[in-house]
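Worksheet: the structure to be examined is printed underneath.
Every chain is numbered from 1 and lettered A, B, ... according to where its sequence line falls, protein lines coming before strand lines.
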Amino acid sequence: MAQDSAITPRDQDYSAWYLDVIQHGDLLDDAPVRGCKVLKPHGYGIWELIQADLDRRFRDTGHRNAYFPLFIPVSFLSREAEHVEGFAKECAIVTHHRLRSVTDDNGKVSVEPDPESALEEQLVVRPTSETVIWHMYGRWIDSWRDLPILINQWANVVRWEMRTRPFLRTAEFLWQEGHTAHATRDEAIDEARLMLQVYRDFAHEILAVPVVTGVKSARERFAGAVETFTIEALMQNGWALQSGTSHFLGQNFAKAFDVTFQNKNGERELVWATSWGVSTRLIGAVIMTHSDDDGLVLPPRVAPIQVVIIPVGKAKDLEAVRQAVDALRAELRQAGIRVHVDDRDNLRPGAKYFEWERKGVPLRLELGPRDLAKGQAFAKTRINREKFGLPLQGAAMEVQRVLDKIQDELLARAIAMRDARTYDIDSVETFRARLEEGGFLRVAWGGDDADEGRIAEETKATIRCFPLDEPAPQGLACPLTGKPAWTWALFARAY
RNA sequence: CGGGGUGUAGCGCAGUCUGGUAGCGCACCUGCUUUGGGAGCAGGGGGCCGCAGGUUCGAAUCCUGCCACCCCGACCA
């Protein structure tokens, strides 16, 4: 039987499974540079859908897109002390602007940076754009009338990580970064919280990935932020994934880049800032939330192909089938459904079924003479292996209904999994025991930075966040430190 | 950057110990027959055996150095 190498089952080796799903799903390929990946059409298509939906949400909340340069003068990075501390170790540096060819002793020609072309000031390839953006904001802001500035950019950034993982952490990745400037502290905090809510809604409604919203502990906070808000998701293996962050930056960058405005009383004040971002890491979250041992599972709203139509039948029936397939495709397209017809004649239908299942297409429609006789298509969903006849009359509405149902079920399923693996912890013993299985460990926390560091070292678990909107524990002792609890905390192993 | 592993066709691998014409399965190309869950037969194409040195009449195989990738750690979205 002609089979590609199998996908490693999750319970055998989760990490190998993740890599297999990506390969068989045709999402990525290795680039020639360590830690860099090519996003192939089926993978990039997911990102394009993420972009399109988020972009609309950003505009709906008053933001506009702009674009700032890839290169940042190296001196900018050192302007904000904590910021430089956070990124210094993972920056790519541009030192020259020209190559020259050289010939070695064996007559072999190669190129090298021309020493004559060394840059006066070296450039950092942006690991994030706060510094260059705040440099520019300094030129744009003078009066309270110039505020707020609500800008987002879609960009690539580079962080030279020691260890990379497809989608979750690559040397170069795609993201969006919002950067806003405000006249007051409260307005900036509101903005940071608003964008966190945008991310939360997006994750639930589009990715079908349930997330916990929370605040980062000081140890996990963004370098240069006063407060970092986060959305945290729980993967199938019980590890947490930070899926988006929104930062209240206080006046740190305004101070570093001397950005002030004149208020209505004629006084000069420092500007308040936020930044917020999500990246192609979200695709990793989608994969690890929904996919199974047969490969990729995509929620319909981020599936580049939502429906694949496969014509079947003997040669004599092909013409009739082809006409019916064309009509069905046209109707679905008309209704805005992303449909693909697999009419390759060198593969038999069975081979196509397996291929589209591995690629995570939510709904498959088979169309052959038997179906035409009944006036329907033979439908099968990627999740649940549900089979049913789908009437060709009014097919678009029915397909849309099925896709919506799949989307809802994936979210419900993910929420159930997450809830079933969120544990209340009352002792060090249960903490360690639950951690073995993986999950969110909910602790009435009384520790400080040092306690958190010690626990991370001993158990590999970190505080993912202090969940928002939960009243502080009253009169409880922290099970991990014995100190009086001052907040609830979610611990987990994390990517 | 430490510990372990692997580099041979697009993918998965054998061959390396014991040096002697570079192989197998899948994929690919051509043709015919097929087509409702991974098609069959016949013919064919594709390799600097990770790279660079060395030993040898002769190196995928032995020696030295380097590089890349994967896994586990430390660091991180």
Rounded distance (Å) that lies between atom P of B:U35 and atom CG of A:Leu367: 18 Å
Length of the line joining A:Trp356:CH2 and B:G37:P, which is rounded to integer Å: 19 Å
Taking the six-membered ring of A:Phe440, is NZ or CZ of A:Arg464 closer than 6.0 Å to its centre and within 45° of its axis? no
Checking base pairs now: Watson-Crick or wobble, both atom distances under 3.5 Å. What partners B:A59? none
Residue whose nearest RNA chain B nucleotide is more 5′ - A:Gly86 or A:Pro349: A:Pro349
Pick the C1' atom in B:C17 and in B:C62, then give their distance to the nearest Å. 11 Å
Which whole number of Å gives the distance between the P atom of B:A14 and that of B:G7? 7 Å
Would A:Arg159 and A:Trp175 count as a cation-pi pair here, with the cationic atom under 6.0 angstrom from the ring centre and within 45° of the axis? yes
From CG of A:Asp371 over to P of B:G37, roughly how many Å is that when rounded to an integer? 12 Å
Pairwise C1' distance for B:G38 and B:A27, with rounding to whole Å: 13 Å
Mind checking who B:G31 pairs with, Watson-Crick or G-U wobble, both distances under 3.5 Å? B:C41
On the nucleotide B:G37, are OP1 or OP2 found under 4.0 Å from the side-chain N or O atoms that A:Lys387 carries? no
Between A:Phe222 and A:Pro369, just flag the one whose closest nucleotide in RNA chain B comes earlier from the 5' side. A:Pro369
A:Leu282 vs A:Phe202 side-chain heavy atoms within contact, under 4.5 Å: yes
Of the candidate nucleotides B:G37, B:C72, B:C11, which contains the atom at the shortest distance from the side chain of A:Ser15? B:C72
Heavy atoms only, 4.0 Å cut-off, all strands: where does A:Leu19 land among base, sugar-phosphate and nothing? sugar-phosphate
Are the ring of A:Phe354 and the six-membered base ring of B:G38 within the stacking cut-offs of under 5.5 Å and under 30°? yes
Does a side-chain N or O from A:Arg163 land closer than 4.0 Å to OP1 or OP2 of B:C72, or not? yes
Which value, in whole Å, describes the distance between the P atoms of nucleotides B:A60 and B:C13? 22 Å
Between C1' of B:C72 and CZ of A:Arg493, the distance in whole Å: 10 Å
Check this for me, if you would: do A:Asp317 and A:Arg370 make a salt bridge, where the nitrogen-to-carboxylate-oxygen distance has to be below 4.0 angstrom? no
Can you list, in residue-number order, the parts of residues 302-326 of chain A that come under 4.0 Å of RNA chain B, counting heavy atoms only? A:Val312, A:Gly313, A:Lys314
Could you state the atom-to-atom distance from CG of A:Asp342 to C1' of B:G38 in whole Å? 13 Å
Who does B:C75 pair with, Watson-Crick or G-U, both distances under 3.5 Å? none
Checking all strands, does A:Glu357 fall into the base, sugar-phosphate, or nothing category for heavy-atom contacts under 4.0 angstrom? base
Pair assignment for B:U6, Watson-Crick or G-U wobble, requiring both distances under 3.5 Å: B:A68
Regarding A:Phe173, tell me which of base, sugar-phosphate or nothing describes its non-hydrogen contacts under 4.0 Å with the strands shown. base
Which listed nucleotide (B:G73, B:C28, B:G38) is nearest to the side chain of A:Ala351? B:G38
Can you find a side-chain donor-acceptor pair between A:Asn252 and A:Glu82 that sits under 3.5 Å? no
Side-chain H-bond candidate by donor/acceptor type, A:His96 with A:Glu112, under 3.5 Å: no
By nearest atom, which of the nucleotides B:G36, B:C70, B:G73 is closest to the A:Tyr353 side chain? B:G36
In whole Å, what separates the P atom of B:C63 from that of B:A68? 22 Å
Taking the side chain as C-beta and beyond, is there a heavy-atom pair between A:Thr274 and A:Met195 under 4.5 Å? no
Are A:Arg219 and B:C75 close enough that a side-chain N or O sits under 4.0 Å from OP1 or OP2? no
Could you check whether A:Ser243 gets within reach of a base, just the sugar-phosphate, or nothing at all, counting any heavy atom under 4.0 Å? nothing
Whole angstroms only, please: what is the CG-P distance between A:Leu168 and B:C70? 13 Å
In whole Å, measure the gap between the P atoms of B:C28 and B:U18 for me. 41 Å
Roughly how many Å apart are B:G47 and B:C11, using the C1' atom of each and rounding to a whole number? 15 Å
Over 12 foreign heavy atoms within 6.0 Å of CD, A:Glu457: no
Both distances under 3.5 Å, Watson-Crick or G-U wobble: report the partner of B:A22, or none. none
Identify whether any heavy atom of A:Thr170 sits under 4.0 Å from a base atom; if not, whether one sits that close to sugar-phosphate; answer base, sugar-phosphate or nothing. base
Side-chain donor-acceptor pair present, A:Asp55, A:Trp154, cut-off under 3.5 Å: yes
Is a donor-acceptor contact shorter than 3.5 angstrom present between the side chain of A:Glu355 and the base of B:G37? no
Between CD1 of A:Ile22 and C1' of B:C11 the distance, given in whole Å, is 17 Å
Determine whether A:Trp445 and A:Phe491 satisfy the following criterion, ring-ring contact (aromatic ring centres under 6.0 Å, His included), listing intermediate values before the conclusion. CA-CA 10 Å; A:Trp445 176 243; A:Phe491 279 80; 5.3 Å; yes
May I ask you to say what A:Glu161 touches in the nucleic acid, namely base, sugar-phosphate or nothing, with a heavy-atom cut-off under 4.0 Å? base
Tell me whether the OP1 or OP2 atom of B:U35 has a side-chain N or O from A:Arg348 closer than 4.0 Å. no
If I pick the C1' atom on B:U8 and the same atom on B:C48, what distance separates them, to the nearest angstrom? 12 Å
Please classify the nucleic acid contact of A:Arg364 as base, sugar-phosphate, or nothing, using heavy-atom distances under 4.0 Å. base
Round to the nearest Å and state the distance from A:Asp343 atom CG to B:U35 atom P. 18 Å
Ignoring hydrogens and geometry beyond distance, is a side-chain donor-acceptor pair present between A:His179 and A:Ser275 at under 3.5 Å? no
